[in-house]
Amino acid sequence: MKKIALIIAAVIGLAGCGETDLTPRAIQAETDVCAVCNMSITYEEFAGQLIEQDGDHFVFDDLGCLIEHINGMDQTELGAAFIKDAVTDEWLNIERAAYVYAKDEWTPMAYHVLAFEDEQAAEEWLDSGREGELLTLEDLYGFDWGNHH
Amino acid sequence: MQLVGLLFVFVFAAVMTIQQLAVPPSAGFSRQAAAMFNVQLFLLPLFLLTIGSMNIAGDAESGWLQLLKTYPMKMSRYIAGKYLALATAFLLIVLLALGAVLLLSGIAGPLAGMGVYFMSSMLLIFIFAALALLIGAIAKNRLHALALSLVFWAAWLLLIPYGLMALGTYLAGHLVKTFIIMNIHVNPVEWVRFCFFLATGNGDALGPAFYGLTSFYTSPGGMLLAVLVTAAWIILPLASAAFVLKRRKRQT
Amino acid sequence: MKRLLLLMLFLSWPLGAVQAEESLQQKIDALPEGAVIELEAGVYNEAITIKKPLTINGADGAVFRVEGEKPAISIENTENVAIRNVQIEQGDTALLIQDSSNVTVERLRIIGADQAASVHRSKKLVLRELSIEGPDGHYSDKGNGIALYKSEDIEVSDNEIRNVRDGIYIEHAKGLRASGNSIQDSRYGVHLMYSEQVQITGNHFSGNVTGVMLMMSNDSRIHSNIIEEHIMPNASGLVLYDADTIEVTDNSITSNALGLSLQKTGGSTVAGNRFFGNQIGMEFINSAETNKTKGNEFTGNIIQLRSDARGGQIAGNYYDDAALLDLDEDGYGDTPYTAMQSYGQWMVREPVYQYFTEAPAVVLLNEMDREMNRLTSLVLIDNSPLMEAPSDLQTSASVSLWRLVLGAAVMAFAAFIWRKESAG
C-alpha cells in the first residue's frame, strides 16, 4: 500500500511540475460542447478555446462565450486563449488578433464578432464590401454581447 | 456457506422487488439497474475474498497444505481445484438468488436485463475467486487473510474512489481523468463496473469525458483487449498464487 | 456519379415532356396573380421562383429533383402563396421563403436536403405536415430542418423531421406556435435564439442531442411535450440558457441523460412535469434564485436534482425516494426532503466526476449525506414534499406464469446441486 501511495504521489508531483502545453487542440465534433452555453460545436470555423495554467482545455462555440468565460474566471488560472481566424480557419491567440463587429455576419450565438490575424487582414476583409467596425480585445471585454440587433 | 447463500438470495430479492415496485424498467441506465449492480459489487467481492482467502490460509495454517505437498501433486492442480470449487459454489448462490428474483418478478411484474446480471455476477466471481486465492496464499494465517481481504475490498470499492474524488478538488480535470482511466485498469472492481457499462450499452452514462475510452472499447480491437484484460485478471492472480505457495514450500 | 445523374436526367426527360415546349417557370410567369396550378405527377428538374400570389397543388407523384445550389422552390417578396403536396429532392436548400407574408406550405416531402426549409424576414406563415428527412452523416456536417430568421406569426405543426442538425431553428422570431411535431435523431429538436412569445406544445422529441434548446429567449411556454431518450454524450431533454419568464409545464421527460437544465435563467416556472428514469432529473446552474419548481414528479432518476449553489425555490414536488410521514394528513410530508446531495454539487463543477455516477462509493456517500443534511439544511430542500405522485401511474401487476415456473425451476436446480455438493 505504501508503495502505491508513493507512486501516486510521484506521478502527481511529476504532473504538477511539468511544463503545461499551451497549444490549442483539435475540436471533436462528437463530444465538444461550449463551456459557457453548452451548445455542441458544429461550426468549427467560429470556435474558441481556452487553456488553463493546469492544462485543462475548454472550448467555446462563439467568441462571445469565450470572452464571457474569461470575464468570469480567476485571471491567474488563464494560460492562453485562442479563436478561429474568420479567413483562414486557423487558431489565433486572442492577444494578437484583430476583431470586427459586423452585424450582418451570422455566428453561432449571433454575437456577430469575427477575428482576424491582424488589423490589416481585418481591413482587407472590410474593404471587400462588408460593413462593420473594428474592435480591440479590450473592447471585447466590455462588449454588450447579444444586445446588438 | 449456507448462510451466505441465504443472505444473497434475500438481499437480491428484496432489492429487486423494492426497486421494481417503485420504478418500472426504463431504457438506459436507471436507478434500478444501478441498485442491482451495486448489490453485486458490494457483496460478491466481499464474500469471495474473505471466504476464499481464509480457505487457502486455513489450509496452510492447519498443516493440510504441508501434508498435501508430500503427495506427488502439482501446486497448479491444487490451485485450480480450489479455484473451481470456490467459483462453482458462488455460481450456485447467484443462480439461486436470480431464480428467486425471477420467481418474484413473475408475481411483481416484468424485469429487464436478467441476463446482464448473471453475466456481471460471473465476471465478478471469476475475477475475485482468483484474487481471493492470491490473498490467501500471501497471508500468514486466517486472521491475516481476513484482514487483507477487508483492506483490499475497502480500498477497491471505497477508498480509491474517495481518494480520486478528493484529488479532483485540487487537481486539473484532465489529470483526474487520467487517474480514473488508470484506476479502471488496475482496480478489478472498477474494471467490472466499466465492463458492465459497456455491455449494457450505457457507456455514455459515464460522461462525455470518457467518450473516447468507451468508443475504443466498443470497437472490435477494444473488445479483444477487454477480453485479454479480463483474462489477465484471472490468470495472473492464479499464477502468482501458485508461485507464492511453491516458494513457501522451498522455504519450509 | 455524374454519369448516373446524367442518366437519371435522361430517363426523367419524357416524364417532364411539358418542359420541352415551356418550362414551369415560364408557365408561372405567364399566369395572372392568384392563379392556381394543378401540378401533374412527374419529375421536374427545374428550380422555380415565385414572386406573386399563387397556389400550387401537386398531384401525388409530383417531384422536384434539382441539382445545384439554387433552391428548388423560392418564394420572394410576395404574399398569399400556397404550396401543397409536392416532393423535393435537393442536395442544398429545398425551400426558401424571403420577405413574404401569408404563405402556406403543406404536405411537402423533402428528402436529402442540406437545408430543408429556410425562412427569412417573413410573417403569417403556416408550415404544416411536412415530412423532412436529412442527408446521412454527422449532424455537424448538415443544415437544419425548418429554419426561421427574423420572422413572426408562424405556425409549425404536425411535421415529421428526422436526421438533420436542428429540427426547427428559430432566430429572432416572435409569435411562433410549434405543435404536434415529431423530431428525431437530430442535434436539437427545437433550437430557439433571441425569440419571444413561442409556444411549444404537444410535440414529441426523441433521440436527439437535446430535445428543446431555448437560448436568450423569453415570454414562452413549453407545454405537454414528450421528451425522451436523449442519451448521447452531452445530451439533455430540455435546456433553458439565459432565458426569462418561461413556463415549462406538464411535460413528460423520460430516460434522458439530463432531463431539464436551467442555466442563467430566472423568473420561470417548472410545474407539473414528470421526470422519469433520467440519469439526472433536473439541474440548476446560476439559476437557483428566482425560478419556481412545484408540483413535479421525480421518479427513478439516478440523481433527482442537482445545483451549483445552495438554496432555490422548490416546493410541493413528489420524489419517489423520499421516506415521508404525513401525520397531519395534509398530503405533504411532515419532514423536508433533501433534494440534492454533495455528489450532485461536485458533479456540476467537475464534469469528469460523472464517471462515479451511482458508483458504490457514491451511493454510500449519498446515504450519509441524507442523514447529515437533515440537520444542517443547507442544500436544496423541498419543505413540503408531496406524498402521492400527481400522475396516476400504476405498475401493472400482471402475473407471468413462465417467469414463475422458470424461477422455481432455476431455484430447485441450484438447491439440488448445492445439497448434493455439500453432502458430498
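Convention: sequence-line order gives letters A, B, ...; per-chain numbering from 1.
Residue Ala359(C) touches chain B through both its backbone and its side chain, counting heavy-atom pairs closer than 4.5 Å. With a 4.5 Å cut-off on non-hydrogen atoms, Leu96(B) touches chain C through its backbone and its side chain both. For Asn301(C), the part lying under 4.5 angstrom from a heavy atom of chain B is the backbone only. Only the side chain of Ile180(B) comes within contact range of chain C, with heavy atoms under 4.5 Å apart.
Distance check, rounded to the nearest 0.5 Å: CD of Gln279(C) to CG of Asp204(B) gives 8.0 Å.
Between Met232(C) and Pro208(B) there is no side-chain heavy-atom pair separated by less than 4.5 Å. Using a 4.5 Å cut-off on side-chain heavy atoms (C-beta onward), Arg193(B) and Tyr355(C) make contact.
For the residue pair Pro360(C) and Leu157(B), the shortest heavy atom distance occurs at CB-CG, 4.1 Å.
Within a 6.0 Å radius of OH in Tyr162(B), more than 12 heavy atoms belonging to other residues, nucleotides or ligands are found. In Lys177(B), the NZ atom is not crowded: 12 or fewer heavy atoms of neighbouring residues, nucleotides or ligands sit closer than 6.0 Å.
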Candidate pair Phe356(C) and Leu164(B), rule side-chain contact (heavy atoms from CB on, under 4.5 Å), full reasoning: CA-CA 10 Å; Phe356(C) 295 108; Leu164(B) 283 175; 3.9 Å; yes
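Between chain C and the residues Asn38(B), Leu95(B), Val94(B), the most heavy-atom pairs under 4.5 angstrom are made by Asn38(B).
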